[in-house]
Amino acid sequence: MKIKEIIVVEGKDDTTAIKRSVNADTIETNGSAVNQSTIESVRRALETRGVIIFTDPDYPGEKIRKTIAAAVPGCKHAFLTKEAAIAKNGRGLGVEHASPEAIREALKDAQIMHENISEEITQEDLLTAGLIGGDGAKERRILLGEFLKIGYTNGKQLHKRLMMFQISKQEFAEALGAVCQEEHNE
């Protein structure tokens with residue numbers, strides 16, 4: 001599988017995992033203190049080939065994602081679930097620990113976050129759906145993030161991410177239905 005876009009990852013081990021999974025080029029941020037040189041490289045890559053931001057599903061990874069997205073709008077975003085990113089020995093979390101299949105799936109589902117945001121799904125909708133506040137809300141958000149391929153978020157981030165990825169009410173309702181079905185099966 002050849003990826004046209006350049007993939008932004010956190011470090012060398014992530015690059016190794018990407019190259020083991022797909023034929024692609026990477027830019028490494030080398031940690032969460034993203035410097036101006038890295039931002040310029042990402043900007044250049046976006047203009048020429050496109051960019052997919054693919055960071056670890058943890059706080060530092062999310063910080064890197066937000067920093068780059070704010071400085072270079074128009075990048076695609078790929079997400080791994082925490083389960084897919086856990087090391088086999090249980091010590092460590094990151095892209096470097098994901099299977100080639102999980103990496104290919106995440107890259108295939110990469111999406112663009114949009115800046116001109118319209119609110120189709122409200123905070124009230126999230127509250128009514130049991131996605132913020134109350135028992136099981138976190139677990140529902142985890143499942144919803146997996147079904148919509150937008151990653152895990154807290155309640156406030158979920159609302160913003162639904163808008164940024166322009167998730168329609170229908171997509172939201174279908175994913176919510178799948179979440180409810182999954183809960184019912186447990």
Side-chain angles (χ1 to χ4, degrees), residues 1-10 13-29 42 45-46 49-70 72-86 93-115 117-118 120-121 126 129 131 138-154 157-182:
M1 181 175 168
K2 172 92 173 112
I3 305 288
K4 178 189 90 153
E5 295 92 346
I6 296 174
I7 302 169
V8 176
V9 295
E10 294 180 44
D13 292 339
D14 297 332
T15 292
T16 301
I18 296 290
K19 293 195 181 289
R20 207 174 36 235
S21 309
V22 294
N23 180 358
D25 296 314
T26 62
I27 295 173
E28 296 165 4
T29 65
V42 172
L46 181 64
R49 290 176 46 192
V51 169
I52 299 173
I53 301 172
F54 193 32
T55 56
D56 298 345
D58 58 11
Y59 178 79
E62 196 57 33
K63 183 177 181 220
I64 292 167
R65 180 182 301 280
K66 285 178 181 173
T67 300
I68 294 171
V72 189
C75 297
K76 288 182 180 177
H77 294 261
F79 298 93
L80 276 174
T81 63
K82 285 193 177 185
E83 294 75 32
I86 293 175
L93 176 80
V95 171
E96 72 268 22
H97 302 299
S99 69
E101 297 77 34
I103 289 172
R104 283 192 289 270
E105 191 65 27
L107 291 170
K108 182 177 71 69
D109 293 326
Q111 305 177 56
I112 292 181
M113 285 187 180
H114 297 277
E115 289 303 309
I117 300 169
S118 64
E120 216 174 303
I121 298 145
L126 299 180
L131 293 164
K138 179 179 179 181
E139 291 74 20
R140 280 187 213 96
R141 285 194 308 273
I142 290 169
L143 287 172
L144 187 77
E146 288 175 19
F147 284 117
L148 292 173
K149 311 277 193 243
I150 61 172
Y152 168 73
T153 61
N154 65 28
Q157 287 174 325
L158 175 60
H159 183 247
K160 185 173 182 183
R161 210 168 268 180
L162 289 169
M163 290 189 307
M164 289 171 70
F165 284 115
Q166 295 185 329
I167 303 295
S168 69
K169 275 213 184 267
Q170 182 178 342
E171 283 176 285
F172 177 72
E174 288 169 6
L176 195 56
V179 167
C180 292
Q181 184 65 44
E182 188 92 10

Kindly indicate whether the side chain of [X], heavy atoms from C-beta on, has any atom under 4.5 Å from the side chain of [Y].
X: Glu139; Y: Leu143; value: no
X: Lys66; Y: Gln157; value: yes
X: Leu93; Y: Lys82; value: yes
X: Glu5; Y: Val51; value: no
X: Phe147; Y: Glu182; value: yes
X: Thr16; Y: Glu96; value: no
X: Phe172; Y: Leu144; value: yes
X: Phe165; Y: Lys149; value: no

If you look at every heavy atom in [X] and [Y], which pair is closest and at what distance?
X: Ala85; Y: His97; value: O-CB, 3.4 Å
X: Thr81; Y: Pro57; value: O-CG, 4.0 Å
X: Cys75; Y: Val42; value: SG-CG1, 4.1 Å
X: Val95; Y: Leu80; value: CA-CD1, 3.8 Å
X: Ile6; Y: Ala45; value: CD1-CB, 3.6 Å
X: Arg161; Y: Ile150; value: NH1-O, 2.7 Å

| said: Does atom CD (Glu101) have a neighbourhood of more than 12 heavy atoms from anything else shown, all under 6.0 Å? | reply: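 Atom CD in Glu101 is crowded, with more than 12 foreign heavy atoms closer than 6.0 Å.
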
| message | If you count heavy atoms of other groups shown closer than 6.0 angstrom to NZ of Lys169, is the number above 12? | response |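 Yes.
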
| Under the side chain to side chain contact (heavy atoms under 4.5 Å, CB included) criterion, do Asp109 and Phe79 qualify, and how do the steps go? | CA-CA 8 Å; Asp109 293 326; Phe79 298 93; over 6 Å; no

| request: Begin from the C-alpha positions of Ile68 and Thr55 and carry the test side chain to side chain contact (heavy atoms under 4.5 Å, CB included) through to its verdict. | output: CA-CA 11 Å; Ile68 294 171; Thr55 56; 5.9 Å; no

| task | State which residue, out of Thr26, Asp56, Thr29, fulfils the side-chain contact (heavy atoms from CB on, under 4.5 Å) condition with Asp14. | result |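 Exactly one candidate clears the test, Asp56.
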
| query | Pick from Ile7, Val9, Ile27, Asp25: which one makes a side-chain contact (heavy atoms from CB on, under 4.5 Å) with Thr15? | reply |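 Option passing the side-chain contact (heavy atoms from CB on, under 4.5 Å) with Thr15: Val9.
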
Rounded at 0.5 Å granularity, tell me how far [atom1] in [X] sits from [atom2] in [Y].
X: Glu62; Y: Thr67; atom1: CD; atom2: OG1; answer: 10.0 Å
X: Ile142; Y: Thr153; atom1: CD1; atom2: OG1; answer: 9.5 Å
X: Gln111; Y: Ile167; atom1: CD; atom2: CD1; answer: 5.5 Å
X: Ser168; Y: Glu174; atom1: OG; atom2: CD; answer: 7.0 Å
X: Ile18; Y: Arg104; atom1: CD1; atom2: CZ; answer: 11.0 Å
X: Gln166; Y: Glu171; atom1: CD; atom2: CD; answer: 10.0 Å

Between [X] and [Y] (side chain of the first, backbone of the second, donor and acceptor by atom type, cut-off under 3.5 Å), is there such a pair?
X: Arg65; Y: Ile53; value: yes
X: Arg141; Y: Leu158; value: no
X: Arg20; Y: Pro100; value: no
X: Lys19; Y: Ala24; value: yes

| message | Evaluate Glu83 against Glu146 for side chain to side chain contact (heavy atoms under 4.5 Å, CB included), listing each step before the verdict. | response | CA-CA 11 Å; Glu83 294 75 32; Glu146 288 175 19; 3.4 Å; yes

